[in-house]
Amino acid sequence: MPELPEVETVRRGLQPVMEGAKILVAEARRPDLRFPFQPDFVARLKGQVVTGLGRRAKYLMADLASGDVLLMHLGMSGSFRVIKPDNEAAPGEFHYPRAKDSTHDHVLFRMSSGADIIFNDPRRFGYMKVIARSALDEEPLLRGLGPEPLGNEFDAAMLARSCAGKTTSLKAALLDQRVVAGLGNIYVCEALHRSHLSPRRIAATLSTKKGETTDHAKRLVGAIHTVLNDAIKAGGSSLRDHRQTSGELGYFQHSFKVYDREGEKCSTPRCGGTVKRFTQNGRSTFWCPKCQK
DNA sequence: CCGCGGGCCTGAGAGC
DNA sequence: TGCTCTCAGGCCCGCG
């Protein structure tokens, strides 16, 4: 599911029930997700007030009054849903009508705001980890993450600079979280199409030999901003797993120009090309060879 | 250091 | 209906 717009959608759904609320009960229903849970995972959450819920790239970060931070990553198939606790359940017990795939409900929180928060992740590529806020800078999961694509410091000059000398494709460079943090396969394909740049273009061509930022880089950054902002407004893209915390689907998938649209006519005005698909670094790339150069 | 491919998991969908 | 195969929105790791 989750690239930046989906994670941001989830953050906005969780914020009202988490911020300012205490974690009354925390439960991990299996020993691991992608990684084993820390032995003190539950203990460090229980009784803590969540003072803020933020996002860094594709990570959700819940600040706790203890000085810890709960890092949460949705992997490929993770989702959160927020429901009202069953009043008949014992206080420490999660007793709600079971959803179809509740076998994959792995982590549960009961909040003092009157919400139960359930993390479901069939493929278990997601993970959670509690770290001290003071150790955030040394956290291996976060170290090396590039700039936020919607942040102030991310602009054409910066992108061109970090792609300078890169012999790899533009597609691979944009998927590299060290270059820019938060894009995934869908939004890279969509941003490249909207900026009329080929996914096969060499990344280094975003700047000239003299180090000047090209118009290509400017177009690309503009397209990244537009596509991410539009996707957030739409509640993200729901292909199979992504849900808003209310259970509603996102609807940006209806605005895809190329992703999952192989064989369709290119939507660029007067282009007349056809959307093609090929494999790049082991992943599907969708693009229009006619208008993306 | 860089770029690439394999692997981690489960489930959905296609084809037979 | 049911089997097998392919593929999926992410990212870590080891190899050359």
Side-chain angles (χ1 to χ4, degrees), chain A residues 1-10 29-36 55-60 71-80 99-106 119-129 139-146 149 162-192 199-204 224 227-228 231-232 234-244 249-263 277-286:
Chain A
M1 132 196 182
E3 304 180 33
L4 187 151
E6 290 73 37
V7 178
E8 179 60 23
T9 297
V10 169
R29 293 194 159 176
R30 47 173 301 127
D32 54 33
L33 291 172
R34 177 167 182 174
F35 310 119
R55 179 188 57 74
R56 170 77 173 106
K58 299 173 194 171
Y59 289 88
L60 292 169
L71 283 184
M72 298 174 277
H73 196 289
L74 303 176
M76 289 278 264
S77 60
S79 65
F80 282 94
K100 219 191 263 167
D101 60 350
S102 65
T103 55
H104 301 302
D105 287 347
H106 302 312
F119 178 69
N120 179 286
D121 185 6
R123 292 176 71 181
R124 303 201 305 274
F125 287 167
Y127 42 96
M128 295 192 191
K129 184 178 182 186
E139 171 52 45
L141 293 170
L142 304 176
R143 275 193 84 140
L145 282 180
S162 47
C163 287
K166 278 200 177 291
T167 56
T168 193
S169 66
L170 200 43
K171 166 94 187 295
L174 294 173
L175 281 175
D176 186 339
Q177 303 296 297
R178 296 169 297 186
V179 172
V180 55
L183 301 179
N185 206 29
I186 291 177
Y187 296 105
V188 167
C189 289
E190 294 296 318
L192 287 170
R200 289 193 161 104
R201 172 181 279 277
I202 299 301
I224 290 170
V227 76
L228 292 181
I232 291 169
S237 303
S238 291
L239 292 185
R240 53 201 111 244
D241 297 308
H242 171 61
R243 300 267 166 163
Q244 306 190 43
L249 299 174
Y251 52 91
F252 192 72
Q253 65 278 13
H254 303 302
S255 301
F256 291 171
K257 308 282 192 199
V258 287
Y259 188 85
D260 219 7
R261 297 204 180 283
E262 183 183 17
R277 165 188 178 147
F278 71 105
T279 301
Q280 227 175 350
N281 304 98
R283 316 196 56 191
S284 285
T285 295
F286 296 89

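Naming: A, B, ... by sequence-line order, numbering from 1 per chain.
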| query | Between D241(A) and S79(A), is any pair of side-chain heavy atoms under 4.5 Å apart? | reply | no
| task | Please lay out, stage by stage, how C189(A) and F256(A) fare under the test side-chain contact (heavy atoms from CB on, under 4.5 Å). | result | CA-CA 9 Å; C189(A) 289; F256(A) 291 171; over 6 Å; no
| query | Say you pick atom C1' in dG3(B) and the same atom in dG9(C); how far apart are they, in whole Å? | reply | 22 Å
| request: Ignoring hydrogens and angles, answer whether the base of dA8(C) and the side-chain atoms of R123(A) contain a donor-acceptor pair closer than 3.5 Å. | output: yes
| task | Side chain of Y127(A) only, please: which of dG9(C), dG10(C), dC12(C) is the nearest? | result | dC12(C)
| query | Is it true that K58(A) and E6(A) make a salt bridge, defined as a side-chain N closer than 4.0 Å to a carboxylate O? | reply | no
| query | So what does G282(A) touch, heavy atoms closer than 4.0 Å: a base, only the sugar-phosphate, or nothing? | reply | nothing
| said: Does either side chain, that of S169(A) or that of R200(A), offer a donor lying less than 3.5 Å from an acceptor on the other one? | reply: no
| query | For L239(A) and dC7(C), what is the distance between atoms CG and P respectively, to the nearest whole Å? | reply | 17 Å
| field | Minimum side-chain heavy-atom gap D176(A)-T168(A) below 4.5 Å | value | no
| N/O (side chain, S284(A)) to phosphate O (OP1/OP2, dA8(C)) under 4.0 Å | yes
| query | Rounded to whole angstrom units, what separation is found between the CG atom of D32(A) and the C1' atom of dC9(B)? | reply | 11 Å
| task | Starting from the 5' end of DNA chain B, give me the residue, R240(A) or A172(A), whose nearest nucleotide shows up first. | result | A172(A)
| task | Remember a base hit wins even if backbone is also touched, and classify Y187(A) as base, sugar-phosphate or nothing at under 4.0 Å, heavy atoms. | result | nothing
| remark: The Watson-Crick or G-U wobble partner of dC3(C), with both key distances under 3.5 Å, is dG15(B)
| Could you give the CD-to-C1' distance, from Q280(A) to dG3(B), as a whole number of Å? | 13 Å
| message | So, OP1 or OP2 of dG10(C): does either fall under 4.0 Å of a side-chain N or O from R283(A)? | response | yes
| query | Rounded to the Å, how far apart are L33(A) CG and dG10(C) P? | reply | 18 Å
| Residue-phosphate contact under 4.0 Å: H104(A) side-chain N/O, dC9(B) OP1/OP2 | no
| Out of dC11(C), dC4(B), dG9(C), which has the shortest distance to the side chain of H73(A)? | dC11(C)
| field | Which nucleotide in dA8(C), dC12(C), dG3(B) has an atom nearest any side-chain atom of K166(A) | value | dG3(B)
| Which of the following nucleotides, dT10(B), dG9(C), dG3(B), is nearest to the side chain of T168(A)? | dG3(B)
| field | From dC9(B), dG9(C), dC12(C), nucleotide with atom closest to L141(A) side chain | value | dC12(C)
| query | Tell me: CG of D241(A) to P of dG9(C), nearest whole Å? | reply | 11 Å
| May F125(A) be described as stacking on the base of dC8(B), applying a 5.5 Å centroid limit and a 30° limit on plane angle? | yes
| query | Among dG11(B), dA8(C), dG3(B), which nucleotide sits nearest the side chain of Y259(A)? | reply | dA8(C)
| field | Pairing nucleotide - dG16(C), Watson-Crick or G-U, each distance under 3.5 Å | value | dC2(B)
| query | Given atom CZ of R30(A) and atom P of dC9(B), what is their separation to the nearest angstrom? | reply | 9 Å
| In whole angstroms, how far is the P atom of dG9(C) from the CD1 atom of I232(A)? | 20 Å
| field | H73(A)/Y127(A) aromatic ring centres below 6.0 Å | value | yes
| query | dC11(C) base to R34(A) side chain: any donor-acceptor pair below 3.5 Å? | reply | yes
| message | Using atom C1' in both nucleotides, what's the gap between dG11(B) and dC12(C) to the nearest angstrom? | response | 23 Å
| Pair R30(A) + D32(A): basic N to acidic O under 4.0 Å | yes
| task | Could you state the atom-to-atom distance from CD of E6(A) to P of dA8(C) in whole Å? | result | 16 Å
